[in-house]
Amino acid sequence: MTDTQDVTITAAAAARVAAIAAKQGKPAILRLAVDGGGCSGFQYKFGMADDVASDDTVAERDGVRLVVDSVSLDLVRGCSVDFVESLGGTAFRVENPQAASGCGCGSSFAV
């Protein structure tokens, strides 16, 4: 487990993760992973995690942890995870400085 500023989580995202974790009776750990696919080449995947793996990079805010595995980290280093509410719905959003392009839905990107 590495604690660095390679990734960050906003206060809004931390509050949402804490609320979900409390409702599900799980630890307040959000896992961000990257998979191949999506309309732009790669897509973000979010899920609640039960624990932190030894090769995870961890960002913490307000007692909530954002974890990213070592393979995904290469594609999201420097990113910030936010939680946004809009007319289109609510979602976790990734602000990724490495993404050369993205798609309209905001869930996939290319480097």
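For Asp69, the side chain to side chain donor-acceptor pair (under 3.5 Å) test picks out Ser72, with sequence neighbours left out.
Closest heavy-atom contact between Ala28 and Ala21: CA-CB, 3.7 Å. For Ala53 against Arg31, the heavy-atom pair with the smallest separation is N-NH2, 4.1 Å. Annotation for Thr8 and Ala59: closest pair CA-CB, 4.1 Å, computed over non-hydrogen atoms. The shortest non-hydrogen separation linking Phe92 to Ala13 is CE2-O, 3.9 Å.
Once rounded to the nearest 0.5 Å, the distance linking OG1 of Thr57 with CG of Leu73 reads 4.5 Å. If you take NZ on Lys26 and CG on Asp51, they are separated by 10.5 Å, rounding to the nearest 0.5 Å. Atoms CD1 and CG, from Ile9 and Asp62 in turn, are 9.0 Å apart once rounded to the nearest 0.5 Å.
Tyr44 places none of its side-chain heavy atoms less than 4.5 Å from the side chain of Val81. Counting only heavy atoms from C-beta outward, the side chains of Met48 and Val17 approach each other to under 4.5 Å.
Cluster annotation: Val84 and Leu66 are assigned to distinct hydrophobic clusters (Ile/Leu/Val/Met/Phe/Trp/Tyr, side-chain heavy-atom contacts under 4.5 Å, transitive).
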Given the rule in the side-chain contact (heavy atoms from CB on, under 4.5 Å) test, do Leu30 and Val64 qualify, once you have shown the distances and angles that lead to the verdict? CA-CA 8 Å; Leu30 179 67; Val64 171; 5.5 Å; no
Check the pair Leu32 / Phe46 against side-chain contact (heavy atoms from CB on, under 4.5 Å), numbers first and verdict last. CA-CA 5 Å; Leu32 167 61; Phe46 289 101; 3.8 Å; yes
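With hydrogens and angles disregarded, no donor-acceptor distance shorter than 3.5 Å links the side chain of Glu95 to the backbone of Asp82. For the pair Gln98 (side chain) and Cys79 (backbone), a donor-acceptor distance under 3.5 Å is absent.
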